[in-house]
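Accompanying notes for the structure given below.
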Amino acid sequence: MHFPARLIQLRKALGLTQQALVEAAALHVNQIRRYEAGTAQPTLEALIRLARALHVRLDDLVFAENERGPDDDLMLQFEAVSQFSEEEKQTVRDLLEGLILKHTARRWDSSRSAASTPAKKPGNSPAAR
C-alpha cells in the first residue's frame with residue numbers, strides 16, 4: 001500500500017475527517033488533500049506531525065507492512081536481546097555484523113563472478129565438436 005492509501009486508511013480508522021486531521025497535525029487542508037491524492041509528498045516535519053496526529057510510528061505511516069523491520073520471529077529475539085547486559089549486547093552486535101559482512105561479501109562475489117563469466121557460444125562445448 002502506498003503512502004496516500006495508508007494516510008487515508010489511518011485517518012478513517014480514527015474516524016477523522018480531513019479537516020480534523022488538519023487541526024490535529026497543524027497542517028493546511030490543501031496539503032492533506034494533495035498527500036491523499038498522491039500529487040504531493042510531505043516534508044519530514046509534516047510526516048512527523050501526521051504520525052503524531054494519527055498516533056502511529058513514523059515507519060508505520062511511511063512504509064508498507066513488512067516493508068521494513070525484522071520479521072515477527074526476529075522481533076521476539078531482539079526483544080529478548082534487549083534484556084542482555086551491555087557486554088552481551090555487544091557480543092550479539094559483533095556477531096550480527098560479521099554475519100552481515102559475510103552475506104554481503106558472498107552476494108558481491110557471486111554477482112561479480114556472474115558478470116565476469118563469458119557467455120557460452122553454441123557449438124563450442126567439447127560435446128558439440
Side-chain angles (χ1 to χ4, degrees):
M1 182 183 313
H2 296 295
F3 171 74
R6 271 193 304 283
L7 179 59
I8 293 167
Q9 179 187 38
L10 290 167
R11 176 177 61 78
K12 289 183 176 181
L14 289 176
L16 297 175
T17 63
Q18 286 182 335
Q19 186 61 42
L21 180 57
V22 161
E23 292 167 10
L27 297 170
H28 193 276
V29 70
N30 288 336
Q31 288 175 283
I32 299 297
R33 288 182 183 143
R34 287 193 299 259
Y35 300 157
E36 289 187 356
T39 59
Q41 293 294 318
T43 63
L44 178 58
E45 179 62 31
L47 286 169
I48 292 169
R49 290 179 183 195
L50 287 168
R52 285 182 179 150
L54 295 167
H55 309 290
V56 296
R57 296 178 316 144
L58 190 55
D59 277 2
D60 295 333
L61 180 60
V62 175
F63 297 103
E65 189 176 334
N66 298 324
E67 183 179 2
R68 186 178 157 111
D71 296 334
D72 288 343
D73 59 332
L74 285 175
M75 184 66 80
L76 291 173
Q77 291 174 328
F78 286 133
E79 287 176 13
V81 169
S82 70
Q83 303 302 313
F84 287 12
S85 69
E86 281 306 313
E87 184 179 336
E88 291 169 322
K89 286 180 187 178
Q90 188 58 49
T91 300
V92 172
R93 285 185 199 103
D94 293 343
L95 178 64
L96 285 172
E97 183 177 350
L99 288 170
I100 291 167
L101 286 172
K102 181 180 176 183
H103 174 76
T104 303
R106 192 174 26 223
R107 281 186 26 207
W108 178 80
D109 188 48
S110 66
S111 66
R112 192 170 150 238
S113 299
S116 66
T117 303
K120 294 182 180 178
K121 295 181 183 177
N124 256 0
S125 70
R129 289 184 192 155

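Just so you know, these numbers use all the heavy atoms, side chains as well, and skip hydrogens, waters and symmetry mates.
- Note on residues 47-59: pairs passing salt bridge (charged side-chain N to carboxylate O under 4.0 Å, His left out), not counting sequence neighbours, are E45-R49, R57-D60, D59-R68.
- Looking at D94 and Q90, their side chains do bring a donor and an acceptor atom within 3.5 Å of each other.
- Distance alone, capped at 3.5 Å, is enough to place a donor-acceptor pair between the T91 side chain and the E87 backbone.
- Taking CD of Q18 as the reference point, atom NZ of K12 lies at 9.0 Å (rounded to 0.5 Å).
- Distance CG/L47 to CZ/F3: 5.5 Å, rounded to 0.5 Å.
- Between Y35 and L7, the shortest heavy-atom contact is CB-CD2, 3.6 Å.
- Under a 3.5 Å cut-off, the side chain of H28 and the backbone N or O of N30 do form a donor-acceptor pair.
- Within the 4.5 Å cutoff, the side chain of R34 has no heavy atoms near those of the Q41 side chain.
- Cluster partners of L95 are L99, counting Ile, Leu, Val, Met, Phe, Trp and Tyr whose side-chain heavy atoms approach within less than 4.5 Å, directly or via other members.
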Problem set entry | Candidate pair L54 and L16, rule side-chain contact (heavy atoms from CB on, under 4.5 Å), full reasoning | CA-CA 9 Å; L54 295 167; L16 297 175; 4.2 Å; yes
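- Closest approach of E36 and P4 over heavy atoms only: O-CB, 3.3 Å.
- Not counting sequence neighbours, the partners of Q19 by the side-chain contact (heavy atoms from CB on, under 4.5 Å) test are T17, V22, E23, V29.
- Through side-chain heavy atoms spaced under 4.5 Å, either directly or across other Ile, Leu, Val, Met, Phe, Trp or Tyr residues, M75 is tied to no other residue.
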Could you list the donor-acceptor pairs under 3.5 angstrom formed by side chains in residues 101-109, with sequence neighbours left out?
residue: T104; atom: OG1; partner: I100; partner atom: O; Å: 2.8

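- A side-chain donor from one of E88 and S85 sits under 3.5 Å from a side-chain acceptor of the other.
- Counting heavy atoms from C-beta on, the side chains of L14 and L21 never come closer than 4.5 Å.
- No side-chain heavy atom of L58 sits under 4.5 Å from any side-chain heavy atom of F63.
- I8 and L61 fall into different hydrophobic clusters, where Ile, Leu, Val, Met, Phe, Trp and Tyr are joined by side-chain heavy atoms under 4.5 Å apart, directly or via other members.
- The hydrophobic cluster around L96 extends to L74, F78, V81, F84, V92, counting ILVMFWY residues whose side-chain heavy atoms fall within less than 4.5 Å of a member.
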